[in-house]
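Working notes, beginning with the structure itself.
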Amino acid sequence: MNWPLMRITLLALVSILGIGGMLLADGIWDWLFLGLAALPLLLGAAMLLVRRLKASIRDWCDTQTVADWE
Amino acid sequence: MLVSLLSGLVVYAPHARRVAFGALRKGRGPRLLQLDLHNFIGAVVLGWALVVTLTGFLLGFGTLATGMWAQGELARVQAVHGGAPVDARRPPIDVDAVHRAALSAAPEGWHVTSIIWPGTDYSTGRHYTVLVGGSGLDERLVRVVLVDAETGAIPGTAQLPWYLKAITLSEPLHFGDYGGLPLKLLWTACTWLTLFITGNGAWLWWDRRRQRLRRLVSAEELA
C-alpha cells in the first residue's frame with residue numbers, strides 16, 4: 001500500500017467524519033468534530049510552519065562563521 | 001468535480017513519493033512551485049471537497065425528488081384524506097390552532113418549521129400540511145402532519161421518504177450552515193483554497209500545453 005496516498009485518504013476520511021459528526025453532535029462534541037473536520041487544514045498549516053522554521057534555522061546557520069563563535 | 005478529485009488522488013501518489021507533504025520547491029521555477037501548491041492544497045481540502053461534491057450532486061435532484069414525492073406518496077395521502085374543500089383564503093381553523101394541533105401530534109420538544117395552507121400542490125383542499133422537526137438531526141428530518149382545516153383534527157402524519165431525507169441532509173452538509181461561525185470559517189477557507197487550486201490547475205494545464213507547443217516548434221525549426 002502506498003503510504004502517502006493512504007495518509008491523505010485517511011485525513012480526508014477523518015475530515016468527512018468531523019463534518020458529518022458536527023451535524024449529529026451537540027455541545028462539547030461539536031468542538032471535537034470541528035477539530036476533526038479541520039484536521040487536514042491544521043496539519044497542513046503546521047507542516048508549512050515547521051518547514052519554514054527549519055529552513056530559516058538552516059539559513060541562519062549558513063550565515064554563521066567560526067569567527068562568530070570565537 | 002468528483003472525477004477531478006479522484007483522478008487528482010491517483011496522480012498524487014507518484015508526486016507524494018518524490019515531494020514530502022507540505023514541502024514547496026521554491027526557487028526552481030514557477031511551475032514546480034504551483035504544482036506543489038496544487039498537490040498540497042488538494043490533499044488538505046480533499047475530504048471537504050468530496051462532501052461538498054456528493055451533497056451538491058444530491059441537491060441537484062432536489063426539485064425532481066420533491067416532484068416525485070408530490071406526485072407519488074403525497075398524491076396518495078391527498079386521495080385518501082379528501083373531504084369538502086374549505087375557502088383557502090379564510091380557512092375556518094386559524095394558524096395558531098393549526099400550530100397547536102400539529103405539535104400535539106409530534107413528539108415532545110419538536111417544533112413547527114413550516115405551515116402550508118389548504119389548496120396548494122403540497123396540501124389538500126381541506127387540509128393544512130405542517131412540517132415539524134426536532135433538534136439536532138431530527139430538525140432536518142422533518143415529519144409531515146396533516147391538519148383538518150375545518151375541525152382541527154389530525155387525519156395522518158408521515159415521514160419523508162429516504163431519498164428526500166438524503167437530499168434534506170445534503171443541504172446543511174453542502175452549505176456548512178449548521179455549526180456556527182467556526183464551521184463557516186472552515187467552509188470559507190476551504191472554498192477559497194479550492195478556488196485557488198482550480199485556477200492554478202488550469203494554469204498548470206495551459207503552461208504544459210504551451211511548453212509542448214514550444215518544444216514542437218523548436219524541433220521543427222531544427223529539422
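The basis for the numbers below is simple: all heavy atoms, side chains too, and nothing from hydrogens, waters or symmetry mates. Order of the sequence lines fixes the chain letters, A, B, ..., with proteins taken first and strands second; residue numbering starts at 1 for each chain.
Within 6.0 Å of the CH2 atom in B/Trp192, the count of heavy atoms belonging to other residues, nucleotides or ligands does not exceed 12. Heavy atoms of other residues, nucleotides or ligands lying less than 6.0 angstrom from CD of B/Gln211 number more than 12. More than 12 heavy atoms of other residues, nucleotides or ligands sit less than 6.0 Å from atom CZ of B/Phe196. Other residues, nucleotides and ligands contribute at most 12 non-hydrogen atoms within 6.0 Å of the CZ atom of B/Arg209. In the displayed structure, B/Leu216 atom CG is contacted under 6.0 Å by more than 12 heavy atoms of other residues, nucleotides or ligands.
Contacts between B/Leu50 and chain A at a heavy-atom distance below 4.5 Å involve the side chain alone, from C-beta outward. With a 4.5 angstrom heavy-atom cutoff, B/Pro182 touches chain A via backbone and side-chain atoms both. Contact annotation for B/Ala189: only side-chain heavy atoms (C-beta onward) come within less than 4.5 Å of a heavy atom of chain A. Heavy atoms of A/Ala37 lying under 4.5 Å from chain B belong to its backbone as well as its side chain.
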Please lay out, stage by stage, how B/Tyr178 and A/Ile19 fare under the test side chain to side chain contact (heavy atoms under 4.5 Å, CB included). CA-CA 10 Å; B/Tyr178 59 97; A/Ile19 290 170; 3.2 Å; yes

Checking side chain to side chain contact (heavy atoms under 4.5 Å, CB included) for the pair B/Leu24/A/Leu48: CA distance, chi angles, key distance, verdict? CA-CA 8 Å; B/Leu24 303 175; A/Leu48 279 182; 3.8 Å; yes

Apply side chain to side chain contact (heavy atoms under 4.5 Å, CB included) to residues A/Leu23 and B/Leu173 and explain how you reach the verdict. CA-CA 8 Å; A/Leu23 189 66; B/Leu173 290 172; 4.1 Å; yes

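Taking each heavy atom of A/Arg7 and B/Phe21 in turn, the nearest pair found is NH2-CB, 3.7 Å. The heavy-atom pair separating A/Arg51 from B/Ala20 by the smallest distance is NH2-CB, 3.3 Å.
When side chains are defined from C-beta on, B/Leu46 does not count as touching A/Leu11, because their heavy atoms never get closer than 4.5 Å.
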